[in-house]
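Notes for the one structure printed next.
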Amino acid sequence: LAGVAVTLECTAHFTGEVSNCQVLGETHPGLGFGEAAIALMDGALITPPSRDIQFAHTIQFTPGRGD
């Protein structure tokens with residue numbers, strides 16, 4: 001696998017916490033990358049917006065060098 005992209009839609013709360021992430025699309029469905037992307041984003045802290053907002057974010061998974 002050369003690389004995988006997962007696009008999520010999440011809610012950013014005015015507290016800065018991210019929640020309610022859902023997969024909008026992924027380049028290789030069924031391999032667990034969508035669930036991994038959700039695990040990375042759910043509960044993440046960001047710069048707080050002035051109000052709760054929905055946003056889309058794409059996460060790129062790239063293969064390591066194997067060292």
task: Return yes when atom CZ of Phe14 has more than 12 non-hydrogen atoms of other residues, nucleotides or ligands closer than 6.0 Å, and no otherwise.
output: no

query: Distance-only, no hydrogens or angles: does the Glu26 side chain make a donor-acceptor pair with backbone N or O of Gly34 under 3.5 Å?
result: yes

message: Are Phe55 and Ile59 connected into the same hydrophobic cluster when the rule is that any two of I, L, V, M, F, W, Y join if their side-chain heavy atoms are below 4.5 Å apart?
response: yes

- prompt: Can you list the steps and then say if Thr27 with Phe61 is a side-chain contact (heavy atoms from CB on, under 4.5 Å)?
  reply: CA-CA 10 Å; Thr27 56; Phe61 292 91; over 6 Å; no

Spacing of CG belonging to Asn20 relative to CD belonging to Gln54, to within rounding of 0.5 Å: 7.0 Å

- prompt: Could you go step by step and tell me if Val4 and Leu31 meet the side-chain contact (heavy atoms from CB on, under 4.5 Å) rule?
  reply: CA-CA 10 Å; Val4 175; Leu31 298 179; 5.7 Å; no

field: CA sep, side-chain torsions, deciding dist, call: Val23, Ile38, side-chain contact (heavy atoms from CB on, under 4.5 Å)
entry: CA-CA 8 Å; Val23 175; Ile38 289 171; 3.9 Å; yes

- prompt: Which distance, rounded to the nearest 0.5 Å, do you find between the CG of Asp42 and the CD of Glu17?
  reply: 8.5 Å

- prompt: For His57 and Thr7, does a side-chain donor sit closer than 3.5 Å to a side-chain acceptor?
  reply: no

- prompt: Which heavy atom of Ala5 sits nearest a heavy atom of Gln60, and at what distance?
  reply: CB-NE2, 3.6 Å

- line: Smallest heavy-atom separation, Leu8 atom then Met41 atom, equals CD1-CG, 3.6 Å

Nearest heavy-atom neighbours spanning Ala44 and Leu40: CB-O, 4.1 Å

- request: Would you name the heavy atoms of His13 and Ser19 that are closest together and state the gap between them?
  value: NE2-OG, 2.6 Å

message: I need the minimum non-hydrogen distance between Ala12 and Ile46, along with the two atoms involved.
response: CB-CD1, 3.5 Å

